[in-house]
Amino acid sequence: MAHWLALIPKSSSLVSTDAPGGSQQQAIGWWALQFTPRVTLCEDAVLLELAASERLFGGKAALRKRILKEAEPFDCAARAWAPTGMGALALARGGVRNGFAGPLQDLLDALPLRTMSRVAAERPLLARLGCRTLGEVRRLPRAGLSRRCAPEVLKALDQAYGEETECHLWLELPERFDARLELPGRTESVAALMQGARHLLTQMAGWLAARHAGIRHFTLHWHHDGQRARAAGPGGELTIHTAEATRDVEYLGRLLHERLNRTGLKAPVSDLVLCAPEPESLTAGNASLLLEASLQREPLHRLLERLSARLGPEHVRRPQLVADHRLEAMQIWHPATAFQPSTTATTGVPVLPQPSWILPEPLPLAVHQEKPVYGGVLELLTGPHRMEGGWWDQRELDGRVIGDLTRDYYVALSPQAGLLWIYRHRVVRQGDNWFLHGVFA
Amino acid sequence: MNSVLPEYAELHCLSNFSFLRGASHPGELVERALKLGYRALAITDECSLAGVVRAHRVAKEKGLPLLIGAEFAVEAEPPFRLVVLACDREGYGNLSEFITRLRRASPKGSYRLRIGDIEPSALDDCLLLWVPDRAAEFDALSSQGRWLRSAFPGRAWIAVELLHAVDDKVWLQHMRDLGECSGLPLVAAGDVHMHLRSRRKLQDVLTAIRVGKPLTECGVALYPNAERHLRSRLRLGRLYPPDLLRATLDIAARCDFSLDELRYEYPQEVVPAGQTPQSHLRHLTYEGAKRRFPGGISEKVHKQIEEELKLIGELEYEKFFLTVHDIVTYARSREILCQGRGSAANSTVCYCLGITEVSPEKTTLLFGRFLSKERNEPPDIDVDFEHERREEVIQYLYDKYGRDRTALAATVICYRMRSAIRDVGKALGFDLQTVDRVAKNHQWWDARQAIEARLREAGLDPQDLGAQQWLSLTLQLLDFPRHLSQHTGGFVISRGPVSRIVPIENAAMVDRTVIQWDKDDLDTLGLIKVDVLALGMLSAIRRALEFMSQRYGWRHTMQDIPQDDRETYDMICAADTVGVFQIESRAQQSMLPRLQPRVFYDLVVEVAIVRPGPIQGGMVHPYLECRRKGEPVHDLKDELKPALARTLGIPIFQEQVMQIAMIAADFTPGEADQLRRAMAAWKRKGGLGPFHDKLVGRMKKNGYDPEFAEAIFRQIEGFGEYGFPESHAYSFALLAYVSSWLKRHEPAAFLAALLNSQPMGFYSPSQLVQDARRHKVEVRPVDVSHSDVQAALEYVPRAPAVRLGLETISGLSKVAMARIVAARYERPFENVADLAQRAALTVGDMKRLAAADALASLAGHRRQQLWEAAALRPTTALLADAPIHEQQLLLPEASEAEEILVDHAVLGLSLRRHPMALLRPELNKRRMLSSAQLRELPGGRHTRTCGIVTVRQQPGTAKGTIFVSLEDEDGTINVIVWRHVRERFRIPLLRSRLMAVHGQWQRQSGVQHLIADRLEDWSHLIGTLRAESRDFH
Amino acid sequence: MNAFSMGQGQLSLSDAQAPADDAPAAAPPVPVAATALATLPWQLASTVWRGSELLQRSGVVVPTGHAGLDRELPGGGWPCGALTELLQPHAGVSEWRMVGPGLGRLVAEGGTVLLIGPPQPPHLPGLRQYGLLPERVVWIESDGADRRLWIAEEAIKANVQGAVLAWLPKARPEQLRRLQSCAQRHSGPVFLFRPALVQAEASPAPLRLLVQPGTGGGIRLRILKRRGPQHESELELAALSSALERVLPRRVVRSAPVVPALHHGSLVGADSQVVVAGLD
């Protein structure tokens, strides 16, 4: 008896389902080729026929176990085993996992119309004729049904029930990996581009898995789109090398990300192409290592990972700028290990001066003859710069709530401490009135 | 340093008519400027003059010189803002036209101004303030400055706006340099966005709404501080050098224009050559009088006409009347039913001109009171047209007067409670679910204070800071203008281009333009508009008259409807008024049995009495009491008799209240007019307070009962939103009577006419059909062998029955309908295939027809129809003729529940049993009474019932009471939900589609209702029907 | 534009721009003796280092962005592959005005700036005015003196492209020697900020400066040690960021020389002797 498995990938928001090749489905399909040559992409699912492979993998049970285990990373939405491919697909959609648990016909008869797309397409008609299940559809006269529905309906039913042989176009493994992905929108952010690139990498990993191979280098091309593209050129590319062959998506992704951050994007990108020309067979237990162009340099992230491991991640920080008027809200420090750099190239150099050090907590200043003192009596050079805001902000930043601020800032000159950014509350309060907040060091 | 406060005029100030930017109402800005002792204030909204009339109204009243201007964001390198101020009428016209040009060239609500598009001569007689970009390089600024100086010699300034940024001092120096090298003088300005510093939070919220992000993500889109308010002169004196402040006064002095200078001029073409407006109006009036009074014009009428013509002549309103006459004549020539109303409409002249149908002989003449010399205000005539054909009239206006001289008045769409809650909540960063819940739970019946309860319901602590902010900012945002929409039909038609009076912008509708002012603004300035309104009932009446003409063989008009028909009044008294005009609402229906209208004037009162004014004034019960006794109030003073005698001494209409103010409280006509204006606006703006003391005080002094005086005042408040003058009531009552007569005597024609005029009125087609069937009208299903496109009357075998039209079927194309009717006209259809082929229908059309059960005459029950319809495949012409041989399949018939639900899904109504009838066995088990059983029940009993919710409404006057209408197989049950029950059973009240009600059954003087004390949501029972019918869609 | 220049040899401008096949340049050669400075595009330089890096790196510098200072420094800028000690009476007073302009160029070429134990949290919007992009700044915080030393050493040894800035008030001379020897394999500059008090102690750093607040927001500077002849006089440096300079009253600004503005055009244009032609 034929032995089919249907796997339905989770639908991805990143890629439209009709985008050729650019999907999780493709990746699963290529990955599945390591178990059987009889793999097909059918609608939104991947179908595998496994009867011939059972012996090779140590019997039916062992094969099933192994496939399910190795399929875990794909995190499929649904799956089912059945004696027919179309049947397996319908059962998977209907939430019935084992199509061998009873006579196939009984299992299928109970399924609702939506489980077979050909039948579902005729649902408005069939439901109003009183049919809710596949079984009820099959009870309508064949000839009458064939006149009223698309011919594919009967054909699909027959195939699912095993009354007609299925014929599928088996998936073939391309010699070269060369996949293209249209991004859901134009993006200038490396992070967004990486999302797309990871999809392609996953696909490549599936392709490599089917060949039991890894790669030493691959190239990502990207295509510029939009008005600025004219100045920036048609696009760019980046080739990543590794010291040894690998198909570790996580690792390759990190390398790519690091390099992309350094290269930056000159214009909004609309699509990506990933090429991997020369797979190398991979021996088991092969730890793939990075080989950077310059051996003398340790990649920044490696250094920071090491330092973070030793000092604690919170001590190795990288900043993110936030457009805000409030001094304490203009940047956020992230642990370097969790850092997702965003290209800030678009935010220009601020026109108004900003201090280069900021005090973690504004420092109340002594006052001498109504003048604030810090390293000597301060001379107010310019101001006030009035800052009011934050009334809406109940978030904690660095452990405290900023809340509503009303401050007049001044640039002050200290005989010993140089140029300072100090403020005074607009509404004069009791007690401390002048504060040091930053230094133009 | 300055011991004397400097003089100042603010020249750059946005109101909240710069939508989502300005955070203060125009009036607030004016009042604050006055308080601060400014010498003048300019309102300069962004590419808009929408707020200037409101500012003008306050400024004029309080005596502050107001400058009219606008601000523009100019696309240039570097970009800048430009403030344009009008020097005089000519400059104002130029500015208005300039704005019009920009607005008309961009989609609704937007504009673009590129520096290259600024044609200096387009802004002649205007002064310009250039607000340079602070981030720009000096060289770029200096070349911009030189360009401005050469383009606008002697009338351009550099506006220096110091708002407490760290570089202010340097910037000022920079501007001095710029002034020197460009030759432009400097002037101080404030970029004002709010009247008080304390509006900052609201201004931030507006920014967040505009940017479409929560405040926490708005960052530098927010202003860094609150300096964009009207600042004290003391502070300005410290900030700006004296010469810059002095320059504001120089500029203000050069702007010598007031909106009062706008003079409206009527279109010329309504007067034929060789005639004067006076002679032409006189001619037309007497021509009409001859038609109206075929028996000859009585002395009384003649006198009245002469008086009216004299008054019109003195006020020079001839062209206005001629304009309205022209519109009405056009409509008549196209057989579009129309009827005028409004204060000036119920006059003999209007009757003669054919503008109204209310004969002055039947009414007390009201004209003089509403078009008086003392109150030099534009006459008010609204003309209602058949709703489906109003567009023809509008296109006629555009054609005749041209698009540049014809424009629709705007309606300023303002923040309402829900939208304010929603936008503020989102800006404050509450999650969308919470925002949605609070906004959805907020009902139209909730008072403003109720938001607190809504917040609590959504799981928020109202004392929490965030919730507090939400609450207070929502209340501040309330009534802020949000955008301009088109008025329902107020047209401004002028002699010259309208755009020189007020800017015109694009409306959302293609090819529609609106001016930037609304009805109130036009009133303030005394500009005339003609209201071209749409009224569905007129369409229905015309159709019913056509059915009658068809049936009886001669042309029927409204004048052919017999007057004072007893059976019609019997029906009205029994509140059997589903579908008729005006008196069909729940509130009206519960009034009818008590008021017992017997003559036409009773209907006039009926239409007017169920309104906020009389209800809040507590006039309803006294009136009913007097009517019951058949005599006027016993202590009616003689002096009030002319005003109140016709309503038994009880004031019902708006104008009666005004008369009382004049008679009993010594108001001059001018004061009375102020009162009327204040009435219309007090809910929005307040300001009735001063009138209270005046009115009540003087009435008491004149020996009136203080209670009566207070009641009159409450009534005035009630007239606020819906002032209902007698003249309107007359016109409405006429349509109410005509439609009632049709319902009583031609119920089939009336039903068909109503169905063909949908959507309109209170009731859905399903309810109308049910009501008609209860009145023994036979309604026949949609069927391809019988139905026309629209509902029609059939006379065989019994006459007349209503046949539903093909248009009842949702999704069926007009073209398909037309082809079916045309093909059937040749010969009847033999079978389904014949229909499909001859009417050239697609499989989709056929399935739709089958789903609607419209093939019953050709193919049996609905599933059978579908089976046959689906068999048709598009085939080549040759094959199409080959007969199809197929063994007859007998499908089981669908359940009744399925049939009913499919009917409702596809047709919106069902001629089968009511769904409640199917549930009845189940409901009997639960001891639920049907509406028929309730009708037999004595009053005072505790009982329970259940039905499908058709209406939930709260009359504005009913103090938190909700009226719910339930429908079952036997009719309607009226449920009253008092406030405490409403609060307790809020969720079932809101959510139920099928509601069970426990309560007390009441019946008095023919009115029956259930006073609820418990509500339950039984919507799941509908679900059981659906399960029974399986998943049909 | 390239920030690195080399102390030895001379490459003409045209050579640097020449295609890879070394076609002879038609442009007139720059006189060898004229500047005694050589320039190499960064990309080219990095490939050359593979072979004889010690030799070459010893001469690589990054212009400081202060023309007056560059003139006094061997090679015309901050040395790469060596420690630079900046001594201040108080920490956190003038670091960025001092090194910011030079670091801006490193960042523009893809470099990263590692801050080890700074006296205050860095404020990126302010550093941005020197061209320090936030994604190129790393703040490593540690309290212990030994630990900071360890971090500094790790950072220097990793040889991440860019610069290392470390605040090491308590480092002992032998510890500094160890750092100096590591630094020789580092391709960028290494700045150590230390208190003015230590100026009497011996230091392995080839360049030592004493930095103090000057008049009106400027910086007073003494070169305590450099390769070559001893420098005696005090320098007064332009040290206001252009944004600050723009808003300060003229009397203040006039008293202090001004740093060429980063966003107002070419950084190095004013200082022709370090002009470098890049490959791109």
Side-chain angles (χ1 to χ4, degrees), chain A residues 112-114 122-133 136 140-141 143-151 321-326 329-330 347-354 381-395 401 403-411 421 426, chain B residues 134-136 163-170 197 200-201 204-205 208 214-227 427-429 464-466 469 473 843 847 850-851 862-873 884 886-887 889 891-895 898 902 1030-1033:
Chain A
L113 305 185
R114 65 172 168 81
E122 303 282 351
R123 188 153 166 259
L125 172 71
L126 294 170
R128 287 214 163 139
L129 288 173
C131 304
R132 270 186 309 175
T133 61
E136 284 168 329
L140 291 173
L145 195 60
S146 75
R147 291 189 55 226
R148 284 160 180 87
C149 296
L321 283 193
V322 180
D324 205 296
H325 294 297
R326 298 166 296 162
M330 289 177 175
T347 47
V349 179
V351 178
L352 295 182
Q354 285 288 333
L381 296 183
T382 188
H385 182 75
R386 182 156 292 175
M387 214 296 304
E388 291 167 288
W391 59 270
W392 31 263
D393 202 344
Q394 302 303 317
R395 292 171 307 173
V401 176
D404 199 2
L405 307 180
T406 54
R407 298 170 176 171
D408 281 347
Y409 279 89
Y410 294 84
V411 178
W421 190 230
R426 187 177 68 77
Chain B
R134 275 210 187 188
L163 299 162
H164 273 329
V166 69
D167 58 344
D168 273 359
K169 288 190 191 100
V170 180
R197 168 184 289 284
R200 177 188 109 217
K201 293 182 180 178
D204 285 344
V205 166
L215 280 155
T216 44
E217 288 172 28
C218 285
V220 293
L222 303 172
Y223 285 125
N225 59 38
E227 291 303 304
L428 291 177
D464 170 69
L465 180 60
Q469 285 171 344
L473 288 163
V843 185
K847 286 186 187 166
R862 192 182 245 144
R863 282 186 178 170
Q864 215 71 50
Q865 293 172 33
L866 200 56
W867 182 252
E868 287 207 22
L872 302 162
R873 304 256 114 202
I884 301 158
E886 187 176 72
Q887 193 159 13
L889 170 71
L891 286 165
E893 205 168 328
S895 70
E898 173 173 333
V902 177
R1030 318 214 275 198
D1031 55 345
F1032 60 88
H1033 55 167

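Here the structure is a predicted model, which means the values were calculated and not measured. Chain identifiers are assigned alphabetically (A, B, ...) following the order of the sequence lines, protein sequences preceding nucleic acid strands; residue numbering begins at 1 within each chain.
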Name the region of A/Leu113, side chain, backbone, both or neither, that has any atom closer than 4.5 Å to a heavy atom of chain B. neither
So, does A/Thr382 use its side chain to make a donor-acceptor pair with the main chain of B/Val166 at under 3.5 Å? yes
Answer yes or no: is there a donor N or O on one side and an acceptor on the other, between the side chain of B/Asn225 and the main chain of A/Arg386, under 3.5 Å? yes
Would you mind telling me which of B/Arg862, B/Glu227, B/Gln469, B/Arg200 has the largest number of heavy-atom pairs within less than 4.5 Å of chain A? B/Arg200
For A/Leu145 and B/Trp867, the nearest pair of non-hydrogen atoms, with its separation, is N-CH2, 3.9 Å
Under 4.0 Å between a Lys/Arg side-chain N and an Asp/Glu carboxylate O for A/Arg407 and A/Glu388? no
Between B/Lys169 and chain A, with a heavy-atom cut-off of 4.5 Å, which part of the residue counts as in contact: side chain, backbone, both or neither? side chain
Parallel, tilted or perpendicular: which fits the ring planes of A/Trp421 and A/His385, with parallel below 30° and perpendicular above 60°? tilted
Greatest number of heavy atom pairs closer than 4.5 Å to chain A - which of B/Val220, B/Asp168, B/Leu222, B/Leu163: B/Val220
Side chain, backbone, both or neither: which part of B/Gln865 has an atom under 4.5 Å from a heavy atom of chain A? neither
Give me the atom names and distance for the closest heavy-atom approach of A/Asp404 to A/Gly389. OD1-O, 3.5 Å
Interface moiety of B/Ala894 toward chain A, non-hydrogen atoms closer than 4.5 Å: neither
Is B/Leu866 in contact with chain A via its backbone, its side chain, both, or neither, using a 4.5 Å heavy-atom distance? both
